[in-house]
Each structure stands twice: as structure tokens, then as C-alpha cells.
Amino acid sequence: MSKDKLLNPRLIELEGLAMAGKVRKVTIEDCEESFPIREWKRIRAELDDGSTYLTGCMEPDAAKRNFMVLTLYVRRWGKLINTGDEA
């Protein structure tokens, strides 16, 4: 069984995983060629356990905004939430 899972989690669930410090890395990628709108993007999140989650395809601006928030959780906010330290 592959470690890649096309679970299509809702973004709020993925954000929760990032808040809990379970997301190691996030990237934006193009949707597969079979997707009808070529410009749309999706977010790939690599979790601490090595599994990979892919979101559904979304408009590029929405993908960028969500990517930025997830990146902030991965880099800093998640650590602050889990340790209780102040910024």
C-alpha cells in the first residue's frame, strides 16, 4: 500500500493537523491533467508519520492563501500552540 493517500481532507481538517504539529511540510501543485480547469491547484501535506494528504483542487488564489496559513502553522504557530509559549 502506498503512503500517498488521496483522502481529499477538508482544509479545516488539514489546518487542525498543522495546529497539532503533525504536518511536516506543505507544497502547492498543479491538479492532475484530467481535472477540467487546468489552472487550479491543490495542496500536498506531508505528515510526521510519512503519509501524504492531498486536498481537492481549488482556485490558485485560494490555494496560495491556504498554503501560506498552513506554512505558518508548520513553521511557527503550531509550535507556539503546542508549547504555550508567547511569540
Side-chain angles (χ1 to χ4, degrees):
M1 179 189 235
S2 170
K3 287 191 174 196
D4 286 350
K5 301 175 191 173
L6 185 57
L7 295 179
N8 206 6
R10 287 180 278 161
L11 283 168
I12 193 75
E13 294 168 347
L14 190 53
E15 190 172 325
L17 288 168
M19 279 185 209
K22 300 204 181 285
V23 177
R24 182 180 352 179
K25 179 181 175 182
V26 292
T27 56
I28 295 179
E29 61 183 43
D30 294 330
C31 290
E32 59 276 352
E33 288 186 20
S34 62
F35 192 75
I37 305 172
R38 295 248 187 242
E39 300 83 28
W40 282 29
K41 307 288 185 191
R42 64 183 178 185
I43 296 173
R44 176 182 296 269
E46 184 180 319
L47 302 187
D48 285 343
D49 66 4
S51 62
T52 301
Y53 283 9
L54 300 173
T55 67
C57 295
M58 62 189 91
E59 295 174 347
D61 287 341
K64 288 175 189 173
R65 284 190 303 271
N66 287 297
F67 169 77
M68 287 188 299
V69 169
L70 289 167
T71 299
L72 287 169
Y73 278 119
V74 169
R75 289 184 183 166
R76 181 162 175 111
W77 294 346
K79 293 174 183 77
L80 292 174
I81 290 170
N82 289 305
T83 63
D85 293 339
E86 293 188 18

- Query: Does a side-chain heavy-atom distance below 4.5 Å link K41 with E59?
  - Reply: no
- Can you tell me how far the CG atom of D49 sits from the NZ atom of K22, to the nearest 0.5 Å? 8.5 Å
- Hey, what do you get for OG (S51) to CZ (R24), rounding to the nearest 0.5 Å? 9.0 Å
- Message: Under 4.5 Å between side-chain heavy atoms, counting indirect links through other Ile/Leu/Val/Met/Phe/Trp/Tyr residues: same cluster for L11 and L47 or not?
- Response: yes
- Query: Looking only at heavy atoms, what is the nearest atom pair of D48 and G21, with distance?
  - Reply: OD2-O, 2.9 Å
- Task: State plainly whether one hydrophobic cluster holds both I43 and W40, where clusters connect Ile, Leu, Val, Met, Phe, Trp and Tyr through side-chain heavy atoms under 4.5 angstrom apart.
- Result: no
- Run the numbers on L70 and V23 for side chain to side chain contact (heavy atoms under 4.5 Å, CB included), then give the verdict. CA-CA 9 Å; L70 289 167; V23 177; 5.9 Å; no
- Query: For the side chain to side chain contact (heavy atoms under 4.5 Å, CB included) test, which of R44, K64, M58 pairs with I28?
  - Reply: K64
- Query: In Å and rounded to the nearest 0.5 Å, what is the OG1 to CD distance from T55 to E29?
  - Reply: 8.0 Å
- Query: Rounded to the nearest 0.5 Å, how far does CD of E32 lie from CZ of R38?
  - Reply: 10.0 Å
